[in-house]
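If you read the sequence from its start, that first residue is 1, and numbering goes on from there.
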Amino acid sequence: MGILNDDAVLIEPGKNSGDPTMVTVNCPDESGLGSTLCRIILEFGLSITKADFSTDGRWCYIVFWVSPDNGSSRFDWDSLKNRLLSACPSCLGSYYSSLQSSNVSKPPSLYLLKFFCRDRKGLLHDVTKVLTELEFTIQRVKVTTTPDGRVLDMFFITDAMDLLHTKQRQTKTCDHLTAVLGEHGVSCEIELAGPELESLQRFSALPPEAADELFGSDVTSISNKVVLTVDNHLSPAHTLLHINCIDQKGLFYDILRTSKDCDVHIAYGRFSSKVKGYRNLDLFVRGTDGKKIADPKHQDSFCSRLKEEISCPLRVIIVNRGPDAELLVANPVELSGKGRPRVFYDVTLALKSLGICIFSAEIGRHSTSDRQWEVYRFLLEERREFPLDRARNQIVDRVTKTLMGW
């Protein structure tokens with residue numbers, strides 16, 4: 001197939017102020033495309049209010065109704081369109097076509113952004129907000145605070161625009177950071193992260209007790225009651241899955257990424273508007289053989305995994321790290337190797353809202369017997385006006401609600 005035009009992605013604003021924006025994607029299909037599109041929407045800080053979609057293995061037609069999480073009327077819809085176009089097979093938007101035509105399979109380059117400045121409350125979130133708005137993805141991070149009240153932050157990032165090798169993009173990034181930090185001052189450097197920087201990306205191993213608590217089956221910091229029913233009689237060619245659960249941020253993404261990782265193809269689906277805080281979804285699915293999911297073991301395995309991913313997509317706990325308190329947040333890694341979007345952004349936002357300072361932070365990977373997890377570690381700074389030992393439940397609750405959009 002040739003390159004499609006920009007009409008493969010259409011964005012139509014709501015008729016009235018506050019109405020969701022309609023995003024229509026009409027392009028060739030490929031395995032996991034719906035999950036990829038949902039991931040991009042989540043990366044842009046948008047909530048999917050409802051969706052209708054159909055695929056036949058050759059062509060994909062999806063309509064999303066989306067709204068910014070923060071309710072802002074200012075949003076870069078052109079950037080969203082370009083990113084969605086870049087994900088469509090044989091559909092390289094005009095902005096990305098020259099970049100991707102020669103590097104379709106090339107993984108994004110990893111860069112090290114390093115800056116040094118005076119510390120203040122909310123600093124880490126303010127920096128993360130700038131990087132997110134500039135369409136960078138944070139892959140790894142090392143944040144340390146010096147005894148004299150300064151911060152050395154090292155962000156390992158990839159650039160969705162694939163322009164960070166240019167002087168113009170690097171200068172723009174450092175200028176944005178300097179503008180946000182203001183009088184606190186900043187020394188900003190950006191370089192390609194070569195093999196010589198591998199030691200800086202190493203992740204401190206989790207203590208066994210912390211790992212057991214974080215990945216144990218009794219984690220209940222996030223709970224979503226899920227009712228899932230299977231019907232193999234309504235459709236002659238598909239298995240119908242009906243899902244009823246509490247609404248939460250990234251719900252549609254979690255369902256589609258889990259289906260992709262379990263080799264379950266969604267042919268038709270409807271993601272209905274929430275009613276009294278609950279969502280109803282109807283999905284017509286097939287197995288890899290193109291037939292219904294009739295085998296009871298396959299049904300049970302897929303439904304069990306789907307329930308787990310919906311009910312507990314993230315795990316949040318606080319543990320002791322010597323005399324200090326450490327916040328741990330974990331989410332499953334997709335089989336493609338990608339972690340969940342905007343976790344670092346949401347956690348730092350929650351801590352900023354509580355007035356809690358972060359002494360150090362890390363992002364890394366941890367493997368259990370059956371899967372890989374992305375783990376975020378935040379060593380929290382004790383403050384006299386906010387004793388951490390008496391606020392642990394409050395911190396876990398605020399972080400959880402921010403991550404889940406509750």
Between the side chain of [X] and the main-chain N/O of [Y], is any donor-acceptor distance below 3.5 Å?
X	Y	result
Ser235	Thr239	no
His125	Leu349	yes
Arg371	Pro332	no
Asp19	Asn16	yes
Gln248	Ile310	yes
Ser353	Ala350	yes

Note, [X] side chain near [Y] side chain (heavy atom, < 4.5 Å):
X	Y	answer
Thr402	Val347	no
Thr146	Val151	no
Cys117	Ser187	no
Ser360	Thr145	no
Pro108	Asp162	no
Pro341	Arg39	yes
Ile243	Leu306	yes
Leu112	Ile157	no

Any side-chain donor paired with an acceptor under 3.5 Å for Trp59 and Asn26?
-> yes
Should the ring pair Trp373 and Phe215 be called parallel, tilted or perpendicular, given that the plane angle runs from 0 to 90° and is split at 30 and 60?
-> tilted
Could you label the plane-to-plane angle of the Phe75 and Trp77 rings as parallel, tilted or perpendicular, counting under 30° as parallel and over 60° as perpendicular?
-> tilted
Identify the two heavy atoms, one from [X] and one from [Y], that lie closest to each other, and give their separation to 0.1 Å.
X	Y	answer
Ile293	Gly287	CG1-N, 4.0 Å
Ile48	Cys38	CD1-SG, 3.9 Å
Ile358	Thr348	CD1-CG2, 4.2 Å
Leu164	Gln170	O-NE2, 3.0 Å
Glu30	Ala87	OE2-O, 4.2 Å
Met161	Leu134	SD-O, 4.4 Å

Only residue of Val25, Val9, Leu80 satisfying side chain to side chain contact (heavy atoms under 4.5 Å, CB included) with Leu85 is Val9
Roughly how far, to the nearest 0.5 Å, is the [atom2] atom of [Y] from the [atom1] atom of [X]?
X	Y	atom1	atom2	answer
Ile395	Leu351	CD1	CG	7.0 Å
Met404	Lys249	CE	NZ	9.5 Å
His233	Leu240	NE2	CG	11.5 Å
Leu46	Thr21	CG	OG1	8.0 Å
Ile40	Ser86	CD1	OG	5.5 Å
Ile266	Lys260	CD1	NZ	11.5 Å

Partner set under side chain to side chain contact (heavy atoms under 4.5 Å, CB included) for Arg365, not counting sequence neighbours = Arg140, Val333, Gln372, Glu374
Quick one: do Val180 and His176 satisfy side chain to side chain contact (heavy atoms under 4.5 Å, CB included)? Show the steps, please.
-> CA-CA 6 Å; Val180 168; His176 274 67; 5.8 Å; no
Partner of Glu43 by salt bridge (charged side-chain N to carboxylate O under 4.0 Å, His left out), out of Arg83, Arg340, Arg342, Lys338 = Arg83
I'd like to know if [X] and [Y] make a salt bridge, using a cut-off of under 4.0 Å between side-chain N and carboxylate O.
X	Y	value
Lys401	Asp397	yes
Asp119	Arg150	no
Lys142	Asp153	no
Arg270	Asp282	no

Given Val63 and Val23, is the side chain to side chain contact (heavy atoms under 4.5 Å, CB included) satisfied, shown in steps?
-> CA-CA 6 Å; Val63 182; Val23 179; over 6 Å; no
Identify, with sequence neighbours excluded, every residue that meets disulfide bond (SG atoms under 2.5 Å apart) alongside Cys174.
-> Cys188
Would you please indicate yes or no on a ring centroid separation below 6.0 angstrom for Tyr61 and Tyr268?
-> no
Between Tyr111 and His165, does the ring centroid distance fall short of 6.0 Å?
-> no
Quick one: do Glu12 and Thr24 satisfy side chain to side chain donor-acceptor pair (under 3.5 Å)? Show the steps, please.
-> CA-CA 8 Å; Glu12 183 180 343; Thr24 303; over 6 Å; no
Can you check side chain to side chain contact (heavy atoms under 4.5 Å, CB included) on Asn280 and Tyr278, steps first, answer last?
-> CA-CA 7 Å; Asn280 283 296; Tyr278 280 79; 5.8 Å; no
Going through the distances and angles, do Thr368 and Asp370 end up as a side chain to side chain donor-acceptor pair (under 3.5 Å)?
-> CA-CA 6 Å; Thr368 57; Asp370 60 341; 3.2 Å; yes
Going through the checks in order, is the ring pair (Phe, Tyr, Trp, His ring centres under 6.0 Å) test met by Phe53 and Phe252?
-> CA-CA 12 Å; Phe53 60 99; Phe252 201 34; 5.5 Å; yes
Six-ring centre of Trp65, Lys50 cation under 6.0 angstrom, axis tolerance 45° = yes
Step by step, would you call Ser31 with His265 a side chain to side chain donor-acceptor pair (under 3.5 Å)?
-> CA-CA 8 Å; Ser31 177; His265 174 73; over 6 Å; no
Which residue pairs pass the side-chain hydrogen bond (donor to acceptor under 3.5 Å, both in side chains) test with at least one member in residues 289-303, sequence neighbours excluded?
-> none
Could you check Arg279 against Asp247 for salt bridge (charged side-chain N to carboxylate O under 4.0 Å, His left out), going step by step and ending with a plain yes or no?
-> CA-CA 6 Å; Arg279 291 279 188 184; Asp247 187 36; 2.8 Å; yes
Can Phe155 and Phe115 be said to form a side chain to side chain contact (heavy atoms under 4.5 Å, CB included), step by step?
-> CA-CA 9 Å; Phe155 287 86; Phe115 66 91; 3.6 Å; yes
